[in-house]
A.B. asks: 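Quick one: structure below, then a few questions.
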Amino acid sequence: MKFCDLNKQMELIRPQIDENIQKVLEHGAFILGPEVNEIEETLANYVGTKHCLTVKSGTDALLLAMMALDIGPGDEVIVPGFTFYATAEMVAFLRATPVFVDVDPETCNILPSEIEKAITSKTKAIIPVDLYGQCANYSEINKIGKSHNIPIIADGAQSMGARHNDKMACGTADMGCTSFFPAKPLGVYGDGGAIFLDNSEHYEKLKQLRNHGQPKRYTHTMVGHNARMDTIQAAILKAKFEIFPREVELRNQVAKTYSELIKAEGLNVTLPFVAPGNLSVWAQYTIQTDKRDQVRESLQADGIPTAIHYPKPLNKQPVFSHYESSLPTSEKLSERVMSLPMHPYLEKDEQVRVVESLKKALG
Ligand SMILES: *Cc1c(COP(=O)(O)O)cnc(C)c1O
């Protein structure tokens with residue numbers, strides 16, 4: 001059993017992938033070719049924002065979004081303590097200060113009440129993360145942003161395809177950043193990412209930041225970056241997107257089956273919780289148990305791969321050890337979470353095997 005089986009998906013769409021790549025080889029526009037514009041339009045429509053700008057990775061999406069807001073030394077950016085490193089890494093990369101706040105024990109997403117307490121006169125942005133594929137509480141967070149005049153950047157690297165009330169993930173805030181890393185819900189065959197937004201001024205600036213700060217060739221008006229997504233990855237994304245809405249349904253089906261099987265066995269684990277108004281895209285199916293390490297070993301022995309997202313909260317990472325902060329929920333989650341195999345083509349009998357192995361491991 002694989003933790004995330006990308007081959008099953010590839011078998012389904014191989015002819016379309018081959019055809020799309022072939023077209024790029026023929027026209028030869030490997031950088032910012034026509035497929036890049038096409039997929040940007042498709043994705044902007046899907047997410048419901050005016051603009052979509054593809055970039056080289058989810059990490060670059062976060063970096064450019066903050067560059068568009070002129071975030072730099074002396075500025076503070078509020079991020080959850082329980083997320084993948086890149087969220088805070090790019091804040092520090094710009095020599096700004098990440099301010100870690102704690103998360104909700106049920107959704108594992110940033111707590112609006114804790115954001116409110118962390119705001120200072122130096123706060124230049126808030127970056128909620130849609131952990132495991134579920135949107136953060138943007139209804140509350142956007143209110144806080146508005147009342148303090150602080151922009152919100154959604155880190156939707158794990159949540160493309162998810163929904164929060166009437167909004168699609170990445171269309172929930174002033175800007176939304178996503179990743180097309182192969183194992184994300186919508187992935188390519190390499191690195192990729194995108195920024196979603198309505199603000200046309202910021203969009204024009206982002207477009208230049210993506211390409212060495214040039215409004216026109218060899219005229220450089222600002223310090224930018226080379227953050228363009230390859231045309232071949234855009235061509236792959238086009239083929240992947242065709243089956244993506246169906247895959248969002250399949251992921252929800254797989255998650256539902258896990259929860260039903262685990263409940264039917266009455267296993268002593270904490271199931272993932274989806275808040276009312278949210279549709280998760282289940283980037284991960286993550287349970288919690290105090291016997292985490294023992295359970296993982298037992299599943300491993302049965303040939304079932306698991307993963308920990310994430311074993312250390314960011315405030316405890318060596319690189320950030322000079323910040324004094326205590327985040328009790330993030331710290332507790334990092335000791336209890338474990339993710340089970342998850343992808344749209346996981347079979348019911350495979351899920352039964354996982355849950356039987358879990359039952360055995362929990363004694
Ligand atoms: C994957 C991920 C990123 C980084 O995306 P890359 O495309 O790998 O650079 C950022 N934030 C979160 C929450 C992620 O899961």
Side-chain angles (χ1 to χ4, degrees), residues 3-4 6 39 43 52-67 77-94 98 100-101 103-104 107-110 125-136 138 141 152-162 164 169-170 172-173 175-196 210 225-230 233-234 236-237 240 251 272 280-286 307-315 317 319-320 330 333-334 337 339 342-343:
F3 186 74
C4 174
L6 296 169
I39 195 65
L43 291 174
C52 165
L53 189 88
T54 55
V55 291
K56 205 172 54 198
S57 67
T59 304
D60 273 345
L62 292 164
L63 176 64
L64 262 62
M66 283 188 275
M67 286 172 83
V77 177
I78 294 174
V79 297
F82 194 59
T83 173
F84 179 61
Y85 177 47
T87 318
E89 181 188 25
M90 289 304 102
V91 177
F93 189 84
L94 289 170
F100 301 114
V101 314
V103 297
D104 181 283
T107 62
C108 306
N109 278 332
I110 196 164
I126 300 162
I127 312 187
V129 176
D130 304 342
L131 206 70
Y132 307 146
Q134 171 175 210
C135 288
Y138 293 98
I141 298 167
I152 313 291
I153 302 171
D155 181 344
Q158 304 181 8
S159 64
M160 178 55 58
H164 176 68
C170 293
T172 52
M175 288 191 249
C177 297
T178 201
S179 163
F180 304 125
F181 181 83
K184 306 283 177 171
L186 180 60
V188 292
Y189 295 146
D191 277 308
I195 306 167
F196 295 85
R210 172 175 73 171
H225 192 27
N226 169 2
R228 304 167 306 230
M229 185 172 82
D230 297 347
Q233 297 303 342
I236 289 162
L237 198 47
K240 292 259 204 152
R251 283 176 174 279
S280 178
V281 72
W282 301 99
Q284 307 298 344
Y285 186 91
T286 305
I308 301 179
H309 304 99
Y310 296 92
K312 231 190 240 300
L314 294 185
N315 60 315
Q317 287 291 349
V319 63
F320 294 132
S330 299
L333 285 171
S334 69
V337 291
S339 305
M342 179 76 213
H343 60 84

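Counting starts at 1 for both ligands and their atoms, following the listed order.
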A.B. asks: When rounded to the nearest 0.5 angstrom, what distance separates CD1 in Ile78 from CD1 in Ile110?
C.D. replies: 7.0 Å
A.B. asks: What is the distance from atom OH of Tyr138 to atom CG of Asn109, rounded to the nearest 0.5 Å?
C.D. replies: 7.5 Å
A.B. asks: Tell me the closest heavy-atom pair linking Asp130 and Gly156, and the distance in Å.
C.D. replies: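 Between these two residues, the closest heavy atoms are OD2-CA, 3.7 Å.
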A.B. asks: Which N or O atoms of ligand 1 sit under 3.5 Å from a protein N or O, and how far apart is each pair?
C.D. replies:
residue	atom	partner	partner atom	Å
ligand 1	5 (O)	Ser179	OG	3.4
ligand 1	7 (O)	Gly58	N	2.7
ligand 1	7 (O)	Ser179	OG	2.6
ligand 1	9 (O)	Gly58	N	3.4
ligand 1	9 (O)	Thr59	N	2.9
ligand 1	9 (O)	Thr59	OG1	2.5
ligand 1	11 (N)	Asp155	OD1	3.3
ligand 1	11 (N)	Asp155	OD2	2.8
ligand 1	15 (O)	Gln158	NE2	2.8
ligand 1	15 (O)	Lys184	NZ	2.6

A.B. asks: Atom CG in Asn226, atom NZ in Lys56: separation rounded to 0.5 Å?
C.D. replies: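 The NZ atom of Lys56 is 5.0 Å from CG of Asn226, to the nearest 0.5 Å.
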A.B. asks: Angle between ring planes, Phe84 versus Tyr310, binned at 30° and 60°: parallel, tilted or perpendicular?
C.D. replies: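 If you compare the ring of Phe84 with that of Tyr310, the planes turn out tilted.
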A.B. asks: What I want to check is whether the side chains of His309 and Ser339 have a donor and an acceptor closer together than 3.5 Å.
C.D. replies: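 Result is yes, a qualifying pair exists.
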